[in-house]
Every structure is written in C-alpha cells, then in structure tokens.
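In what follows, a single structure is set out as structure tokens and then discussed.
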Amino acid sequence: MIPLHFPIRSCITAFLWAASGSVVAQNERAATATNAFTFDYANDFFRATDRYFTQGVRLELASPILGRVPLRKILPGMGNSADQEHVLFAEQNCYTPRSIRRDTVLRDDRPFAAALFIGQRRTSVDAVHGVRLTSAIMLGVLGPCAVCAEEQRAIHAALDNIAPLGWQFQVANDVIANMDLQVEQQLLRTRFLELSVAGSVRVGTFHDQAGIGGRLEVGRFRSDLGMESRHGFELSLFVSGRAHAVAYDATLQGGLFNHSSVHVLPHGSIEPLVGQGELGARARLGMWDLLFAHVYTSRDFKNGMPHAWGELRIVVHW
C-alpha cells in the first residue's frame, strides 16, 4: 500500500529546503520600483464549476531591497534598464478531475494535484524601446505537502457544500524547481490604447513549455512597458491571447523523481498545444490597484474539456 501522505516533518523539511536559497542578501544597485503587496485569488467558483484548475492563491511582495537577494544573480535582466522591479512570491495551485463526487480513480481524467512554491521574480523595462523582460525562479513541493486536499475540504465544509472525494489519489510528493522567462514588446501606444506581443519559456520539474501571445488594453492607464507616471485615477479593459507548446506538465504527468503516484496521465495523453484567453478590467486609485478577469483555456489533455475561471487581484502600493 503506497502511503498517502509523507510525515509532516518531511513536508516542512522539503519546503524549507526550497526556501533556503532566498534568504541571504548581498549588495546591488537599488531598483527604482516602489514597494507593493499583491493578493491574487483565482477560482473556477466564479464560473460555477469545480474541476481542473480549481483554485490558485498568490501573495507577492515587491521592494527595491529585494534586488539584494542572491537569487537575483541568476535571473536574467536588462543591465541598461533604469526601471527594475524585484518581487518575492508564494503561490498555491490546486487541480481536480471533472468530478469530485466519486471515491475512485478516474483513469481517463485529470489527476488530483497540488503545488505549493515560493519564488523570486525580476522585471526590467526598457521604456525607450517598449520592451519588458521578466524572469523568475520557483522552488517548492508538489503533492500532499501542498495541502490542497485539506483546504478544499475546509472550504466546502464552510460553504455547506458537498465533501470532495478522491484526494487520496492525488499526484505524489515531489520537488518543484522551475525557471520562467518572458519578453514583451510594445507594438502600439496611443493615449488610450496599447498593443503588445510576448514570447515565453518555462523550464524545470514543474512545467516545460514555450508560448507566444498578444495583449490589447484600452482606457486611461499607465503602461507597464514604459516609464509613465501614475494618473490620479485609471480604468481600463484588456483582452489577451496566448498559445503554448507543452513538453511536460507535472500536474498531469506526476513529478520527475517520485514515480509512486496512484494515477497520472501518460505523455501521449497530453495536448501538445494549448490556447488561453483572458478578458478583464483593472482600476487604479491612489495606492490601490484592483483587477478582475475571466480566463479561458482549451483542453490540456486528450479526454479533457475547455475550462474557465475567474481571477481577482488586489495591489497596495506605498
């Protein structure tokens, strides 16, 4: 019988090992970004479903002093960029199959999966040429250590909803170590409109993929690809689209090192090309930013279905 959970001490040790590379500081030229705290919550509850990517929580802290963290040295950036942002973040993502009402393995469906990781992100903006380079490194755990099962059960109990069944079959514990890189290029910028394109790549034990996409934003807003000052009040609508080629997805195929998962999907069941679209609005007033978006994605495995969820983001600056 395969154990369903590692001892709690093993979970804590694994996560602290992942975090250990982020705590020592060294000198570097101070960044020009201001301090900010971000709370980002995504859930398919906003779309009245309870499947696939069912919940994501992300906390971020941006501060110029984070440019002294050693991990920054391995994060690519534009050295001649005057606009730098350094961010530490923590994120949890939870995944379920199409049904959480069956206490059996659904062999042709997405496996239950949970991911919890911390990371550092560096963003460099070349305002003259309208280019933004974003790089990030993530370290964490995949599997029961990420506590998605307990969290979903608690939420459903609090809402007097059905108890989710099947989490004992989730993807087994493993290590997450990933690096992400994205380059954005502004194509058009007018007083009330911006059009940009982006290319990205993700490499590691969590996701291996490469993508390309575009974004259109209209309204009164400060561009993320420039050095414009913030307006007193900003309000805009945006739409974006992205397609990415998938080589590996640990939430579907299991981790690279621990092969004891009760249920994962074979590589041949993974969709090699996945599309994603986003439609939303954002507002900025004083020290507060607020964003709400609907995200749509095509199926990511052969017997799957398209999926959608809502996202709420709150940012406070100081």
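Because the structure is predicted, anything quoted here is derived from the model rather than measured.
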Heavy-atom pair of closest approach, residues [X] and [Y]:
X	Y	result
Ala36	His317	CB-ND1, 3.7 Å
His263	Arg110	NE2-C, 4.4 Å
Ser99	Leu106	O-CD1, 4.0 Å
Asn173	Asn258	O-ND2, 2.8 Å
Ala308	Asp44	O-CB, 3.7 Å
Val262	Val105	CG1-CG2, 3.9 Å

Test of understanding: clusters of I, L, V, M, F, W, Y form through side-chain heavy atoms closer than 4.5 Å, transitively. Do [X] and [Y] belong to the same one?
X	Y	result
Phe169	Trp167	no
Val246	Val264	no
Leu290	Val315	no
Ile212	Leu187	no
Phe206	Phe257	no

Can we say [X] and [Y] salt-bridge, meaning some charged N sits less than 4.0 Å from an Asp/Glu carboxylate O?
X	Y	answer
Arg220	Glu234	no
Asp108	Lys302	no
Glu194	Arg215	no
Asp224	Arg282	yes

If you draw the axis of the six-membered ring of Phe112, does the NZ or CZ of Arg102 fall within 45° of it and under 6.0 Å from the ring centre? no
Pi-cation contact, Phe89 with Arg58 (under 6.0 Å, within 45°): yes
Parallel, tilted or perpendicular: which fits the ring planes of Tyr52 and Phe301, with parallel below 30° and perpendicular above 60°?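 Plane angle over 60°, so perpendicular.
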How are the rings of Tyr41 and Phe39 set to each other: parallel, tilted or perpendicular (split at 30° and 60°)? parallel
For residues [X] and [Y], is any side-chain donor paired with an opposing acceptor at under 3.5 Å?
X	Y	result
Asn93	Glu91	yes
His156	Asp50	yes
His86	Arg122	no
Asp103	Gln168	yes
Gln84	Ser124	yes

When you measure from the side chain of [X] to the backbone of [Y], do you find a donor-acceptor pair of N or O atoms at a distance under 3.5 Å?
X	Y	answer
Arg284	Phe233	no
Thr190	Leu193	yes
Gln185	His129	yes
Asn178	His207	yes
Gln152	Cys148	no
His307	Arg51	yes
Thr205	Leu256	no

Would the Phe221 and Phe238 ring centres measure less than 6.0 Å apart? no
Check whether the ring centres of Phe292 and His294 lie less than 6.0 Å apart, and answer yes or no. yes
Donor-acceptor pairs are to be reported for all side-chain atoms of residues 131-139 against protein atoms at under 3.5 Å, with residues two or more places apart or in another chain.
| from | atom 1 | to | atom 2 | distance (Å) |
| --- | --- | --- | --- | --- |
| Arg132 | NE | Glu184 | OE2 | 2.7 |
| Arg132 | NH2 | Glu184 | OE1 | 3.0 |
| Arg132 | NH2 | Glu184 | OE2 | 2.8 |
| Ser135 | OG | Pro76 | O | 2.7 |

Find the distance between [atom1] ([X]) and [atom2] ([Y]) and round it off to the nearest 0.5 Å.
X	Y	atom1	atom2	answer
Leu59	Leu88	CG	CG	12.0 Å
Asn303	Arg107	CG	CZ	14.0 Å
Leu66	Asn35	CG	CG	8.5 Å
Gln120	Leu75	CD	CG	5.5 Å
Arg202	Tyr248	CZ	OH	13.0 Å
Met305	Thr297	CE	OG1	12.5 Å

Taking the side chain as every heavy atom from C-beta outward, state whether [X] and [Y] have any pair of such atoms under 4.5 Å apart.
X	Y	value
Leu252	Pro111	yes
Leu265	Ile270	yes
Ile100	Leu165	no
Asn43	Trp309	no
His244	Gln209	yes

Take Gln186 and Ser196, measure what side chain to side chain donor-acceptor pair (under 3.5 Å) needs, and give me the verdict at the end. CA-CA 4 Å; Gln186 185 183 83; Ser196 62; over 6 Å; no
Phe37 vs Trp318, side chain to side chain contact (heavy atoms under 4.5 Å, CB included): CA-CA, chis, key distance, verdict: CA-CA 9 Å; Phe37 176 77; Trp318 68 94; 3.9 Å; yes
Worked verdict on Leu142 versus Val171 for side chain to side chain contact (heavy atoms under 4.5 Å, CB included): CA-CA 8 Å; Leu142 177 77; Val171 171; 3.8 Å; yes
Derivation of the side chain to side chain donor-acceptor pair (under 3.5 Å) call for Arg242 and Ser200: CA-CA 10 Å; Arg242 177 175 179 263; Ser200 63; 3.3 Å; yes
Salt bridge (Lys or Arg N to Asp or Glu O under 4.0 Å), that's the test. Do Glu311 and Arg313 meet it? Break it down for me. CA-CA 7 Å; Glu311 180 180 358; Arg313 182 180 305 158; 2.9 Å; yes
How far apart are the C-alpha atoms of Asp40 and Thr38, what are their side-chain angles, what is the distance that settles it, and do they pass the side chain to side chain donor-acceptor pair (under 3.5 Å) test? CA-CA 6 Å; Asp40 196 305; Thr38 300; over 6 Å; no
